[in-house]
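All residue numbers in this chain count up from 1 along the given sequence.
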Amino acid sequence: MVPDMWKWDQGRMQYFQYDVLRTMANFVVNYDFKNSEPAFIRQVTGLPFSAPPTHSPWRNYSRIYKLCLLVSESQGIAIPTDIARVLSQPGAVTCDEYVHFLVEATTDPSPALSDWAEADTAMQRRNPLCFSLKYILAKVAGLDEYITPINEIIGAYIFSGFNGGESDTEFLSLMGNRERYPDFVRNIDPRQARESIKFISQISYLHNTASDIVVSLNKEDAHEIFHSLSPISGPYETDGNLEIQRLASFFRDGSEHDFFEYKGTIVSDVLESGFVEGSKVKKTHVIIERNAKLRGLYFDKFPSPVCDSCRIDTSKKYPWINRVLDLHHILPLSSGTRVDSRVGTILDDMAPICPTCHRAIHRYYDDYLKTNSKSDFDNKEEAHEIYFQAKQGIVKGDCYV
């Protein structure tokens, strides 16, 4: 008999984007999400929170923010967690730090959902997202395979019974059966599990297509990250709301959770990109822009050789080079990529820019953030506005258009 899949919150991927989670973290820290009027929540957050008139935003959407460890409930009010307090501060923590932590903290069953209360407190908790990330990293480190079908991950989870804390040797022992794993998914509804795996693809070295997760790391980095991941263990609270607060307390201010120093993208790379210094939010930004497989996906879909900033046609100026454009990420520097449940990683926040303009725009960002005493942009809207301002300040290369 095929076991049930782990549960998530299907069909609301819009609300699981890192920048939206930052917005909601700010809201739950300052207001009572459970008892706020729907119109007020929409006004403050800018999010639609669509629901029938008989359903409050809390009834329809609280699962999302409990799964993301931002809020719990006590005595009829919404209580922010330590994670919410950190995420509400721009630049205090990166998408990579947060999502890696959530990978370690997410359990099956989940304290955010009803099956936590129904579960035997003595039963083994499994960590499906930790399993998923370690499975794809083991394939890179051990087999040099960088693309993993999402259904293969789900099938391997069903087949193995692993909890996510196993060694690389144990994970590699699963690889001989990987062609069979998609068959395990045919008798279940895997949509919630798929969306949770797509959620973690916001990490800077990942991206996803409609059906696959793609890794852009060398084998050594994949091996190192694999060994840095381990599920958060018990003793567990029997009350799901208390368990959410317990898990969130391990995050503290983010700084005590490892920020991964990927060997391919270190401080010197940040400085070479035009930034004056290499803070952790700038590192996250540069890692995404230098994600080779994401670059390949973008330019396969949008092969234009024209710089989005100065409008130079690089194929005319440099006809001997196939592609000289960089990929610029137009979101807050600490952000990952956004993801859609149907098409995968969203490319709308990317722009092709010639290397000179790219360095100049990063320097513009440095000056803007320093002048305004900020470590990062507050939200997506500010990031897009400052990018537009930087473009306006660059002299157009009309002679090359």
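Between Glu145 and Arg178, at least one side-chain nitrogen of the basic residue sits less than 4.0 Å from a carboxylate oxygen of the acidic one, meeting the salt-bridge criterion. Electrostatic pairing of Arg125 and Asp108 does not count as a salt bridge here, judged by no charged N lying under 4.0 Å from a carboxylate O. A salt bridge does not link Asp32 to Lys34: none of the charged nitrogens lies less than 4.0 Å from a carboxylate oxygen. One finds no salt bridge joining Arg180 and Asp183 here, because no Lys/Arg side-chain nitrogen approaches an Asp/Glu carboxylate oxygen to under 4.0 Å. Using a cutoff of 4.0 Å between basic side-chain nitrogens and carboxylate oxygens, Glu97 and Lys280 are scored as salt-bridged. Look at Arg85 and Asp82 and you find a salt bridge, because one of the NZ, NE, NH1 or NH2 atoms lies within 4.0 Å of a carboxylate O, short of that distance. Using a 4.0 Å cut-off between charged side-chain N and carboxylate O, Arg22 and Asp378 make no salt bridge.
When all heavy atoms are compared, the tightest approach of Tyr15 to Phe49 is OH-N, 2.9 Å. Contact detail for Ala105 and Leu247: the closest heavy-atom pair is O-CD1, 3.7 Å. Scanning both residues, Gln17 and Gln14, for their nearest heavy atoms gives CG-O, 3.2 Å. Across all their heavy atoms, Ile154 and Ala193 have their closest contact at CD1-CB, 3.8 Å. Among all heavy-atom pairs drawn from Leu217 and Tyr146, the shortest one is O-CE2, 3.0 Å.
Glu243 places no side-chain N or O within donor-acceptor distance of the main-chain N or O of Tyr236, the cut-off being under 3.5 Å. Lys134 places a side-chain N or O within 3.5 Å of a backbone atom of Gly164 that can act as its donor or acceptor partner. His100 contributes a side-chain N or O that, together with a main-chain N or O of Asp96, makes up a donor-acceptor pair within less than 3.5 Å. A donor-acceptor contact shorter than 3.5 Å is absent between the side chain of Tyr205 and the backbone of Ile288. A side-chain donor-acceptor contact under 3.5 Å links Asp376 to the backbone of Ser334. Side chain of Ser373 to main chain of Leu369: no donor-acceptor pair is present (N/O by atom type, distance under 3.5 Å, no hydrogens or angles).
No more than 12 heavy atoms of other residues, nucleotides or ligands shown are found within 6.0 angstrom of CD on Glu37.
Taking the six-membered ring where the residue is Trp, Phe131 and Phe162 present perpendicular rings, their angle passing 60° and hence far from 30°. Ring geometry for Phe377 versus Tyr368: interplanar angle of 30 to 60°, hence tilted.
Centroid-to-centroid, the aromatic rings of Tyr157 and Tyr135 stay 6.0 Å apart or farther. Taking the six-membered ring where the residue is Trp, the centroids of Tyr387 and Tyr364 are separated by 6.0 Å or more. Proximity of the aromatic rings of Tyr298 and Phe302 is defined here by a centroid distance below 6.0 angstrom, and this criterion is met.
Side-chain atoms of Ser335 and Asp19 include a donor-acceptor pair closer than 3.5 Å.
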